[in-house]
Number of protein chains: 2
Amino acid sequence: MCSCSFISYRRNTLRDRNPLTVLINPIAAEAEKAVRVAFLHRRTLIVVGRCNVIYKGRAKSKLEPGERIAILKSDGSLLIHRSAGYEPVNWQPPGCIFNVRNRKDILEIEARRQRPRESVEVAFDNIQLLSVHDLTDLGEFSLYASEEDMQKAILLDPSMLEEGFEPISYEKKIEPGFVDVYGIDMNGKLVVVEIKRKTAGKEAVLQLAKYINAIRTKSTREVRGILAAPRIAKDVQRMLVTLGLGYKFVDPKKCAEMLRRSQTVKLADFLQDS
Amino acid sequence: MCSCSFISYRRNTLRDRNPLTVLINPIAAEAEKAVRVAFLHRRTLIVVGRCNVIYKGRAKSKLEPGERIAILKSDGSLLIHRSAGYEPVNWQPPGCIFNVRNRKDILEIEARRQRPRESVEVAFDNIQLLSVHDLTDLGEFSLYASEEDMQKAILLDPSMLEEGFEPISYEKKIEPGFVDVYGIDMNGKLVVVEIKRKTAGKEAVLQLAKYINAIRTKSTREVRGILAAPRIAKDVQRMLVTLGLGYKFVDPKKCAEMLRRSQTVKLADFLQDS
DNA sequence: AATTAAATTTCGCCT
DNA sequence: AGGCGAAGTTTAATT
């Protein structure tokens, strides 16, 4: 049975300069003080407690009282998480200005931004835990087997798509949008490649067909279309045949592995010499 | 300079049964114990500390060591948040199975799910804060405009319902209850409007029909009924046709925007005059 | 279960 | 600043 708030000002590990403030069951006045310090020092703030939330902006929302987790980051972003669900119930992207006040023992925090003009207001009438952190995070994040990685892999080794294929460009602007990879096959025909990281559906085929048609209206040269994906949806096979398009199995994992072997390759490096 | 872990087992407010566990700078063994208890009791877990994260599944990702916030919810969802950004750097949707172990003073937490088969592994080599919460959250979340806002918007701009429509009254008492909006169309016919904030089901149609019938028993004038909602349930379309009622798509979001705009417009007009 | 459409989508890249 | 496309998109509704 501990009714007092607990505050620790220093962490005992890693670095001396790495303050940590933790309040347990603080009253609003105590909490407000800690929040102000957190804002002043651009720290990360976590508040767990009973609150209601109002959002006004592009839309409007109201969240009736309940116990939730609020995270306020130093970049001006805000997250309100309920006890369930992967997505935040309310949020605010980076770039907000935070405000805090203690109004009749209710801790009110506001995250406001312009463009678009919107705000999230959180009012805590009870706080289980409030902590202020200085998060040092320089670790690199790398995602493998993204669509971009597949694109890189095809540019790195065009033969994986088709023997004799030679890329000319990538993300090339064609009337309706951007072609993933664009090149010439062993017979000198133009080739448009549409890449999908997972099962390619009809929308991928239609997109490819659109590009092909756009090119045909502008050029008399023969154009082929190839859908590069690990799998195609079941109706899509017939669609490809009907539209005269090709399909090539490409494994995203193998692409990722290939890139790992030839590390630090940038997309722009490929076509430079050609 | 406090190097001890701090544990509070009871919250002093709201309810006696509402345990809260907080560990500050715990070693992996202590943390592991608390995490196991949290999993066992299906509690919400927050861990702040230095970790690296590996994701394997639809794609693959690796996050090099840094200080982050991890949230594990009782529905089996996981979030890893860095010091910046609105989106989690790594996550796992609800339905995961969590595992924890202490491996050479490293706290390893795994969130695994099938379909799609994927896992996120988090390894903490230092923990600033670990807290376990029992979040009671029954508060309702309502998005977009309220039904009242939609009503206001229709009164403000009746043409959004139908060209030439002119409201006479709102919340008018008719035998079974109160009609949302009541007016006259361009041909002089009476119009009863039933508003729903979200998908209109059969109960909305029946309510509308009741009002119409009530009016018809009292007046010889022609009466039309219009259901105003962002969407109607699938069987309701036929029901409307059968009962000779109309439907008008009304977007609550647009209503909210309109009200907001009208406020600013009024303000602007006021300022222009001066 | 598969498909389609919307999201306070966000995020990035390019014009 | 605005517009379009992609995302480990997610989520909900419908077939």
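Naming convention: chains lettered A, B, ... in sequence-line order (proteins, then strands); numbering from 1 in each chain. Computed from a predicted structure; not experimentally measured.
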Asp180(A) CG - dG5(D) C1' separation (whole Å)
10 Å
Can you confirm whether Phe39(B) sits close enough to Leu45(B) that some side-chain heavy atom of one is under 4.5 Å from a side-chain heavy atom of the other?
yes
Which nucleotide, dA7(D), dT8(C), dG8(D), lies nearest any side-chain atom of Val120(B)?
dG8(D)
Could you state the atom-to-atom distance from CZ of Arg112(A) to C1' of dT8(C) in whole Å?
15 Å
Value in whole Å for how far the P atom of dG8(D) lies from CZ of Arg115(B):
22 Å
Are Tyr55(A) and Glu118(A) close enough, and set up right, to give a side-chain hydrogen bond (donor to acceptor under 3.5 Å, both in side chains), and what steps lead you there?
CA-CA 7 Å; Tyr55(A) 160 70; Glu118(A) 55 187 357; 2.5 Å; yes
Per-nt protein contacts along nucleotides 10-15 of chain C (heavy atom under 4.0 Å; B base, S backbone sugar-phosphate only, - none) come out as SS----
Would you mind reading off the distance between Arg117(A) atom CZ and dA1(D) atom P, rounded to a whole angstrom?
15 Å
Using Watson-Crick or G-U wobble geometry with both distances under 3.5 Å, which nucleotide pairs with dT4(C)?
dA12(D)
Round to the nearest Å and state the distance from Asp75(B) atom CG to dT10(D) atom C1'.
14 Å
Spacing of the C1' atoms in dA6(D) and dT10(D) (rounded, Å)
14 Å
How many Å lie between CZ on Phe141(B) and C1' on dT8(C), as a whole number?
9 Å
Can you check the distance between dT8(C) and dT4(C), where both ends of the measurement are the P atom (answer in whole Å)?
22 Å
Interatomic distance, Asp251(B) CG vs dT8(C) P [rounded to whole Å]:
11 Å
Assign each of Ile232(B) and Glu194(A) to its nearest nucleotide of DNA chain D by heavy atoms, then name whichever residue's nucleotide is nearer the 5' end.
Glu194(A)
Hey, does Met160(A) have a side-chain heavy atom less than 4.5 Å from the side chain of Cys255(A)?
yes
Looking only at side-chain N and O atoms, does Asp134(A) offer a donor or acceptor that is under 3.5 Å from a partner on Thr44(A)?
no
Side chains of Leu245(A) and Val205(A), heavy atoms from C-beta outward: is any pair under 4.5 Å?
yes
Can you tell me how far C1' in dA7(C) sits from the matching atom in dA7(D), rounded to whole Å?
13 Å
Indicate whether any N or O donor in one side chain lies under 3.5 Å from an N or O acceptor in the other, for Gln92(A) and Tyr86(B).
no
Here the distance between atom C1' of dT9(C) and atom CG of Leu143(B), to the nearest Å, is 12 Å
Would you name the heavy atoms of Val193(A) and Asp180(A) that are closest together and state the gap between them?
O-CB, 3.3 Å
